[in-house]
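FYI, the numbering just counts along the sequence from 1. As the structure lists them, so they are numbered: ligands from 1, and atoms in each ligand from 1.
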Amino acid sequence: MKIVVSIGGSVLARELQAEKFASYAEVMKEIGRQHTLFIITGGGKAAREYIKVARDLGSDEATCDLIGIELTRLNARLLIAALGDAAYYEPPLNYKEAKHASLTGKIIVMGGVTPGQTTDAVSAVLGEYTGADLLINATSIDGVYTSDPKKNKDAKKFETMTPHQLIEIVMKTEMVAGANSPFDLLAAKIIERSNIRTIVLNGEDPRNIFDAINKKNNGTIIENNRKNEKRSNKIELESDTCNLGYYSDVGCDN
Ligand code: UTP
């Protein structure tokens, strides 16, 4: 299979620790031996700190984004260092370079590409552009919930959902400042148009990624199938209800 794994900065580099990169590299090598593997690394705490300082100094948002991109690439370099020979030696700077580099048969590790988005979007576009069979978002939450589980104890986890449902959830979550969204909106839209099979899972333990690839799912699967389409219709109805002035949580059967 061709697999794109997006590793959130919040799991890979909340604090910079060699052990974290090494434990990820071990599992990624195992996956890379059986599959074509692309990895996108997030920026983590350091990116947020750099961006804050730049903002305090009066930088515009695009400049802050460019600084964030540099930090995602630094994390990519650290993971490449941990992967050694198994990885392509440089983080590609764009999608074309990444596709070209994958012809070497090595694991490709890269960060952000352009201002105005996050690495979620990079992983979704790369998945589409390379015709990936699977996109995995390894994040700090163990799946997609009806609302932010860190703030709402009644939030329910989806075992499966449609890309359309994902968009609904992301739009709802992104409206709340500081909320934990499973994907950014651009990524969710790309997932919908490309219909790439996607799994959101807890990336604290990299073995969860290995397990998900080997059909032992532990997160939320996002794909179009009959069962999910029915749920999607339900959401459309509930959205209409919202337009009438009622608040309604996004439907979840679990
Ligand atoms: P991240 O993808 O790490 O963003 O990129 P994030 O939302 O902070 O993710 P987590 O919480 O660590 O998982 C870090 C920053 O880099 C810039 C953005 O400013 C983003 O917030 N960036 C990243 C871009 O502008 N373009 C990209 O393609 C990628």
| request: Evaluate the criterion side-chain hydrogen bond (donor to acceptor under 3.5 Å, both in side chains) for residue pair Asn195 and Asn224; output intermediate values, then yes/no. | output: CA-CA 7 Å; Asn195 208 11; Asn224 267 318; 3.3 Å; yes
Give yes or no for whether the N/O distance cutoff of 3.5 Å, strictly under, is met between [X] and ligand 1.
X	result
Gly43	yes
Val122	no
Thr119	yes

Considering only the protein, which heavy-atom contact is closest to [atom], and what is its distance?
atom	result
atom 13 (O) of ligand 1	Gly9 N, 3.4 Å
atom 26 (N) of ligand 1	Thr114 O, 2.6 Å
atom 29 (C) of ligand 1	Gly112 CA, 3.4 Å
atom 4 (O) of ligand 1	Thr118 CB, 3.8 Å
atom 20 (C) of ligand 1	Gln117 O, 4.0 Å
atom 5 (O) of ligand 1	Thr72 CG2, 3.7 Å

Do [X] and [Y] land in one hydrophobic cluster if side-chain heavy atoms of ILVMFWY residues count as linked below 4.5 Å?
X	Y	value
Leu74	Ile39	no
Ile199	Met1	yes
Leu93	Val4	no
Ile51	Leu16	no

Which atoms of ligand 1 are found less than 4.0 Å from any heavy atom of [X]?
X	value
Ser10	12 (O), 13 (O)
Gly8	13 (O)
Gly116	25 (O)
Val113	27 (C), 28 (O)
Pro115	25 (O)
Gly44	12 (O)
Ile51	19 (O)
Gly42	3 (O)

| Given the rule in the side chain to side chain contact (heavy atoms under 4.5 Å, CB included) test, do Met110 and Glu97 qualify, once you have shown the distances and angles that lead to the verdict? | CA-CA 10 Å; Met110 65 189 283; Glu97 274 187 25; over 6 Å; no
| query | With backbone taken as N, CA, C and O and side chain as the heavy atoms from C-beta onward, which portion of Asp65 lies under 4.0 Å from ligand 1: side chain, backbone, both, or neither? | reply |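 Both backbone and side chain.
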| query | At a non-hydrogen distance cut-off of under 4.0 Å, which region of Leu66 contacts ligand 1 (side chain, backbone, both, or neither)? | reply |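 The answer is neither; Leu66 stays 4.0 Å or more away.
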| said: Can you give me the closest heavy-atom contact between Ile191 and Ala124, atom names plus distance? | reply: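 Closest pair (atom of Ile191, atom of Ala124, distance): CG1-CB, 4.2 Å.
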| message | Against the six-membered ring of Phe38, is Lys2 placed for a cation-pi contact (under 6.0 Å from the centre, within 45° of the normal)? | response |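 No - Lys2 does not lie over the ring of Phe38 by the 6.0 Å and 45° rule.
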| query | salt bridge (charged side-chain N to carboxylate O under 4.0 Å, His left out) between Arg14 and Glu204: does it pass, once the steps are laid out? | reply | CA-CA 10 Å; Arg14 185 178 297 134; Glu204 292 296 341; 2.9 Å; yes
| said: Among Thr72, Asp65, Asp184, exactly one meets side chain to side chain donor-acceptor pair (under 3.5 Å) together with Thr118. Which residue is that? | reply: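 Going through Thr72, Asp65, Asp184 one by one, the side chain to side chain donor-acceptor pair (under 3.5 Å) with Thr118 is satisfied by Asp184 alone.
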| message | With a 4.0 Å cut-off on heavy atoms, is Gly111 in contact with ligand 1? | response |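 No, Gly111 has no heavy atoms under 4.0 Å from ligand 1.
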| task | Could you tell me if any non-hydrogen atom of Arg48 lies under 4.0 Å from any atom of ligand 1? | result |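 Heavy atoms of Arg48 do come under 4.0 Å of ligand 1.
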| message | Under 4.0 Å and counting heavy atoms only, is there anything from the protein next to atom 7 (O) of ligand 1? | response |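 Yes, because at least one protein heavy atom sits under 4.0 Å from atom 7 (O) of ligand 1.
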| task | In sequence, state the C-alpha distance, the side-chain angles, and the governing distance for Val109 and Tyr88, and then conclude on side chain to side chain contact (heavy atoms under 4.5 Å, CB included). | result | CA-CA 7 Å; Val109 190; Tyr88 188 71; over 6 Å; no
| field | Test salt bridge (charged side-chain N to carboxylate O under 4.0 Å, His left out) applied to Glu90 and Arg73, step by step | value | CA-CA 9 Å; Glu90 277 280 309; Arg73 288 178 179 159; over 6 Å; no
| query | How far apart are the C-alpha atoms of Arg55 and Glu61, what are their side-chain angles, what is the distance that settles it, and do they pass the salt bridge (charged side-chain N to carboxylate O under 4.0 Å, His left out) test? | reply | CA-CA 8 Å; Arg55 211 173 266 143; Glu61 287 302 308; 2.8 Å; yes
